[in-house]
Student: 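Got a structure here, written out as structure tokens. Questions coming.
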Amino acid sequence: NAEGTISQCACGGKAEGVGDHVCKNLIWLPWEKTDTLPTTAGNYYLTAPVTTKVVYIYQSNQQFRLDLHGQTVTVKAGERGFRLTDTASGTELSITDSVGGGQIRPEQQSSISAHGSVIWLQNASGNPMTLNIYAGVIDGGNIPNSGNGMINLPANSICNIYGGTVKNGKSVNGGNVYTAGTVKMYGGSIENGTATTGGGNIAISATGHWYLHGGTVSGGTGIPNWGGNVLLQGNMTMSAGHITNGKINGDVDLRANICLNGSGTLHMSGGTIDGQVCSFNSDNTRVNLSGKAVIWNPDGKNHLSVFEAGK
């Protein structure tokens, strides 16, 4: 290998055979600048902390892979972190951390007026784009975002979450993640997000579909009838994983885990939800359970289920 390069798979060997991921060794180049991140395709690992303005990615059909390598990326006040523009059709952004301790976080500030305050896949033209999260921490720092989602995923986008932690986002809808596209979560955690409206951790719009195959969603805070952990207006298919400790106005509330709104539908064959699935429209036909399930309705009103697989 050339001096300073390393050879490794983006997942560090931890996601072999998971979902569509196929492990392969890639050559990673050292990134030594401390005031910007790469904007041309390639595989890069950080050698020092970076403080940066928004990182625009314009190229189409390319692979951008960033290994935090134990370092911290700080996004300057008032700026987004990564922004894949309309022209980046077919492009993939991958975040990993081969060493441990690496994170992406915004600089301390009062607020930011934008969707996707840390990562925004901007595709108003409907261009397909992909975000892969293998490892590392994406920390919103509880900084208010007047848009939707610390990570914002429009229609036709795909996000694969194999590991890592997404936490402390604060937005209108989907404190940590707002999606109108497709998310496949196999591991990692999404935690402690806050929404001023719905889905403290996650908001899934009418065109969105979240596949929960593993990992944990916990500690999200929302408002009554709009979901502490998850606001579901599209589809969620859950075969494994854990949704727990949803909060309403800061207090753990059994009604706070998932709120179905509009045409939101939950398909659940495994995993656990600690608490109720709240239906804003009192419509239990949009909760589809298979396997062994326990359903309970403690107050006879708008709250449909508590379901724990295996019981």
Side-chain angles (χ1 to χ4, degrees), residues 9-23 92-98 100 102-103 119 130-139 149-151 153 157-169 174-179 181-193 199-204 208-220 227-232 234-246 257-258 264-275 277 287-294 305-311:
C9 179
C11 75
K14 297 178 180 179
E16 175 64 39
V18 177
D20 297 328
H21 178 73
V22 177
C23 274
E92 293 192 20
L93 170 64
S94 298
I95 306 295
T96 191
D97 180 22
S98 62
Q103 62 176 321
I119 299 175
T130 301
L131 170 66
N132 300 309
I133 302 174
Y134 294 100
V137 176
I138 301 174
D139 187 344
M150 177 176 69
I151 298 175
L153 305 165
S157 63
I158 297 172
C159 177
N160 299 301
I161 303 173
Y162 298 98
T165 300
V166 179
K167 66 179 184 178
N168 298 333
N176 279 318
V177 182
Y178 174 91
T179 184
T182 298
V183 178
K184 298 178 181 180
M185 184 175 179
Y186 303 99
S189 64
I190 299 176
E191 56 194 55
N192 299 332
N201 274 317
I202 298 166
I204 304 165
H209 198 143
W210 193 291
Y211 295 87
L212 186 56
H213 301 306
T216 301
V217 179
S218 67
N229 271 319
V230 181
L231 171 63
L232 179 54
N235 285 277
M236 173 175 272
T237 299
M238 184 175 179
S239 62
H242 193 190
I243 300 176
T244 187
N245 289 332
N257 278 295
I258 300 179
T265 302
L266 172 65
H267 312 269
M268 188 171 181
S269 61
T272 60
I273 297 175
D274 295 338
V277 177
V287 177
N288 302 312
L289 307 177
S290 60
K292 296 180 180 179
V294 171
S305 82
V306 172
F307 175 68
E308 293 190 26
K311 291 189 176 181

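We count residues from 1, following the sequence as given.
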Student: Under 4.5 Å between any side-chain heavy atoms of Ile190 and Ile161, yes or no?
Tutor: yes

Student: What do the steps show when you test Asn160 against Asp20 for side chain to side chain contact (heavy atoms under 4.5 Å, CB included), and what is the final call?
Tutor: CA-CA 9 Å; Asn160 299 301; Asp20 297 328; 5.7 Å; no

Student: To the nearest 0.5 Å, how far apart are OH in Tyr178 and CD1 in Ile204?
Tutor: 10.5 Å

Student: Rounded to the nearest 0.5 Å, what's the gap from OG on Ser157 to CD1 on Ile151? Could you check?
Tutor: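 Interatomic distance, Ser157 OG to Ile151 CD1, rounded to 0.5 Å: 11.0 Å.
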
Student: Would you compute the distance between atom CG of Leu231 and atom CE of Met236 and round it to the nearest 0.5 angstrom?
Tutor: 10.5 Å

Student: Which residues pass the side chain to side chain donor-acceptor pair (under 3.5 Å) test with Thr130, not counting sequence neighbours?
Tutor: none

Student: List for me each residue that meets side chain to side chain contact (heavy atoms under 4.5 Å, CB included) alongside Asn168, sequence neighbours excluded, and say none if there are none.
Tutor: Asp139, Asn142, Asn192

Student: Can you name the side chain to side chain contact (heavy atoms under 4.5 Å, CB included) partners of Cys11, sequence neighbours left out?
Tutor: Cys9, Ala15, His21, Cys23, Tyr134

Student: Atom CG of Leu131 and atom CD1 of Ile119: how far apart are they, to the nearest 0.5 Å?
Tutor: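 Those atoms lie 5.0 Å apart.
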
Student: Would you please name every residue forming a side chain to side chain donor-acceptor pair (under 3.5 Å) with Asn201, sequence neighbours left out?
Tutor: Asn176, Asn229

Student: Report the residues that fulfil side chain to side chain contact (heavy atoms under 4.5 Å, CB included) with Thr165, sequence neighbours left out, ordered by chain and then residue number.
Tutor: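 Scan of Thr165 (side chain to side chain contact (heavy atoms under 4.5 Å, CB included), adjacent residues dropped) gives Val137, Lys167, Ser189, Glu191.
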
Student: Got a second to check how far Ile158's CD1 is from Lys184's NZ, nearest 0.5 Å?
Tutor: 6.5 Å

Student: With sequence neighbours left out, what residues match His213 under side chain to side chain contact (heavy atoms under 4.5 Å, CB included)?
Tutor: Tyr186, Tyr211, Ser239

Student: Is it the case that the side chains of His209 and Thr237 hold a donor-acceptor pair, with the cut-off being a distance below 3.5 Å and no angle test?
Tutor: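 The criterion, which ignores hydrogens and geometry beyond distance, is satisfied for His209 and Thr237.
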
Student: Kindly determine whether Val177 and Leu153 satisfy side chain to side chain contact (heavy atoms under 4.5 Å, CB included), including the steps that lead there.
Tutor: CA-CA 8 Å; Val177 182; Leu153 305 165; 4.0 Å; yes

Student: Is a side-chain N or O of Thr179 found less than 3.5 angstrom from the main chain of Gly208, in a donor-acceptor match?
Tutor: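 Checked: no pair found.
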
Student: Locate the shortest heavy-atom distance separating Asn132 from Ser94; write the atom from each residue and the value.
Tutor: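 Asn132 and Ser94 have their closest heavy atoms at ND2-OG, 3.1 Å.
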
Student: Is any side-chain heavy atom of Ile243 less than 4.5 Å from a side-chain heavy atom of Met268?
Tutor: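 With C-beta onward as the side chain, the pair stays apart.
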
Student: Going from NE2 on His242 to OG1 on Thr272, what distance comes out if it is rounded to the nearest 0.5 angstrom?
Tutor: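 Between atom NE2 of His242 and atom OG1 of Thr272 there are 3.5 Å.
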
